[in-house]
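Before any comments, here is the structure.
Please read all numbers here as calculations on a predicted model, not as lab measurements. Order of the sequence lines fixes the chain letters, A, B, ..., with proteins taken first and strands second; residue numbering starts at 1 for each chain.
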Amino acid sequence: MAVRRATIYVAGLALLAGVTAAILTATRKHEELRAVGHPEAWAFVLLIGWSFIGSGIVAAARGLGPRFGALMIGAGFAWFAAALSASGEPVPFTIGMLLASLWIAIFVHALLAFPGGRLESHAARVVVGAYYFQAVVLQLGWLMFTNTTTLDGCHGCPMNLLLISDRPRLANAILFIEQPIVGVVALAGAVAILAHRWWAGTPPARRSLGPVLASGGACLIILALDILVEPLSYRGGQVIGWASVIAFSAVPFAFLLGLLRQRLDRSAVAQLVIELGDHAAQTNLQAALSRALRDPSVQIAYWLPDAGRYVDTEGRPVDPPAEHDAHRATTTVDHDGERVAILVHDPSLLEDPELVHGVCAAAGLALSNQRLQAQLRARLLELQQSRARIVEVGDAERRRLERDLHDGAQQRLVSLSLDLSSVGARVRDDPETAALVTAIRAELARSLEELRELAQGIHPAALTDHGLPVALETVATRCVIPCSLTVAIEGRLPVPVEVAIYYLVSEALANVAKHAGASRASISVARTNGSVRIEVTDDGVGGARVGTGSGLTGLADRIAALEGSLEVRSPLSGGTTVRAEIPCG
Amino acid sequence: MRVIIAEDSVLLREGIARLLTESGFNVVETVEDGETLIRRIADLAPDVAVIDIRMPPSHTDEGLRAAQHIRLHHADVGVLLLSQHAEVGIAMKLLEGGADGAGYLLKDRIADVEEFAAAVRRVGEGGSALDPAIVSQLVRRRRENDRLEILSTREREVLELIGEGLSNQAIAERLFVSQSAVEKHVSSIFDKLQIPGTKDTHRRVLAVLALLRH
């Protein structure tokens, strides 16, 4: 209510100030220094002031930017205050002259502080400070040394009460600092800051900044032209002066246009409600929220209270952005008093909390439902990962066993048989012992053979040591029918993928040998984008399938653990193709 | 004949060195890894290097890579790889640039001192030596449009033994036939496989390659 009452007071005051300014302008007797001060321009005086104050009131009352709104209102009243210089009385005239360009300083302040109302950068503070310095200090200095009753271009002006001594040359010097130097340099700075903000802005930020920055920037450029042209040509100054009047009256409307755009965004909430009501289950929620918020970068992170973490729609873990991330902001979505998700979005959306809250409220139920799905997917993903880990741990354990055998028993036995052969050489004269040694050596050789096969069965060492092409060469060579092998892979694949491929090819060829009655087989392993394709084909009788007892069943599990797929095509008309695809980064 | 040995197991390194010394070789150096091997080869210029395939630091294919390096940069040094496993793919990699002065044996073969010493000598002299386990896989390998199909069973047996690197006399002893019979088979094999007639060692090496590539 306090806001509404304040609004009524401000509006009433604006009405009064506007009417006063318009009457003073329309009835003025003395000559005017500015373009917008001639009696016939009273309507523009009214229009500019009211549109500034009006848009400021709207901004403040809507909670969009109370500070920004206050600045706009301030600029409007300062504009009316400048119109006091139209009065024939010395006191209001002096006040009007003193405050003549304060409104420009406040306007620049508002523009550079849009939409939050705070000056974010050091450069912006310097520029705005320069404007206030010019509008207050330099203007006061000029008045102290200017006799307005004799001033050129101010015919019939009343007495300036701030006059200390009439020194036209000193006044002109101050005017020179005031206008070209401070005016143009500070203007250029302000334009540069606006251009940079536009350049660095994200699309949603640009959408709301656009109209305000564009018209504000245009005003600043016209002001700069005004300062440069006026001393050279009175008529040119007048023309540009009128142009600036039109540009300035456009600024508040541009601001209202920005507000209107946000109001249009609001209707997106209604659209969202309809969309979710009709096809909640099928809706791509993230896309729907992006549309409603007009921010293509919106991401949903569902909160899993049990796990204490966030996941995306697919159940993959996501990290919410850091609290002070300048490029991403988050909004928490609750449903039935419980945290459901967070929306990660562009920080500019924080300036329109009503829209964000509206969207969150509309999507609460749908988000709550989709969270259950995300939760399920997260569990599946975990299961998948734990399965892959189990396979991996098993493989690592087998690899370790094979290595232990190699470094331990196998080396020792080889060394032992070496020693035994020296013994054999020494007992050559003793045929009985020599025969015994020979028998032991033969036995030892068989043990080594068996140990080698055992090691190979535990883990294919050639695979780990030399990679797929070498390991598969042996598999293909041992095949009982002609078997062609093509391995089109550069470098090494992840260990679990290599192991899966090795076992898949071995198993498929074993099946060909046992059941297929084939006359030839072919193996091809090729890397396509992001995955490996394995194909083992034969020209046998067909009719094979992945069923219980088939070695392929275990392999299907192994490949599924790697998120791959296995397919056996074996028509009764003949021929079998085992095809697998395993993703590998 | 000057030999360098690269093997990380102390037991085997010393065992092999002793065995080769007793068999009349001059063991000029023993090293534990591939990098040292390559460095010492440049200094010592031995006739042959006996290399364990799995060596530090990764214990995977250091020996094979060192052997390939030596074959590329020190073509006059023979390399004999030792491994716990008989992999056709490794034999193909080792013999990529030709079979002369290269060998690949299972570690088990060390125990048969005479044959092992003969293999080292052969490789040092520019010949080749493939493990019987590899050769039998290669001979048994079935191919469409098999070049070896035209050989008789006996000729296949002889080719297998050539692949292992045996001399005609050794083959004759192994197959219980006369040496002249072996010579007849060998020249028939060379004819059928269209191996051009130059030096005998070279033709035998080419026969090994034919076996590998068939």
Item to check | Proximity breakdown for B:I53 and chain A, heavy-atom pairs closer than 4.5 Å | outcome: side chain
Item to check | B:I110 versus chain A, the contacting section by heavy-atom distance below 4.5 Å | outcome: both
Item to check | A:S519 portion near chain B, given a 4.5 angstrom heavy-atom threshold | outcome: neither
Next on the checklist: Counting heavy-atom pairs under 4.5 Å with chain A, which one of B:Q137, B:R54, B:E14 comes out on top?
Outcome noted: B:R54
Checklist entry - Between B:R140 and B:E160, is a salt bridge (Lys or Arg N to Asp or Glu O under 4.0 Å) present by the stated rule, with each step listed? => result CA-CA 10 Å; B:R140 258 184 258 132; B:E160 205 171 327; 5.9 Å; no
Can you give the donor-acceptor pairs under 3.5 Å from side chains of residues 86-95 of chain B to other protein atoms, not counting sequence neighbours?
unit_1, atom_1, unit_2, atom_2, d
B:E87, OE1, A:T474, OG1, 2.3

Checklist outcome for this item: For B:R121 and B:M1, the nearest pair of non-hydrogen atoms, with its separation, is O-CE, 3.6 Å
Checklist entry - Between B:D61, B:D108, B:L138, which residue shows the highest count of heavy-atom pairs closer than 4.5 Å to chain A? => result B:D108
Checklist entry - chain A heavy atoms under 4.5 Å from B:R143: which part of the residue, side chain, backbone, both or neither? => result both
Item to check | Flag for A:Q411-B:K107: side-chain donor and acceptor within less than 3.5 Å | outcome: yes
Checklist entry - Sequence neighbours excluded, which residues qualify as side chain to side chain donor-acceptor pair (under 3.5 Å) partners of B:E62? => result B:S58
Next on the checklist: Between A:A462, A:S484, A:A445, who has the most heavy-atom pairs with chain B when the cutoff is under 4.5 Å?
Outcome noted: A:A462
Next on the checklist: Under a 4.5 Å cutoff for heavy-atom pairs, which residue among B:D112, B:L12, B:L11 has the most contacts with chain A?
Outcome noted: B:L12
Next on the checklist: Can you confirm whether A:R412 is buried at CZ, in the sense that more than 12 heavy atoms of other residues, nucleotides or ligands lie under 6.0 Å from that atom?
Outcome noted: no
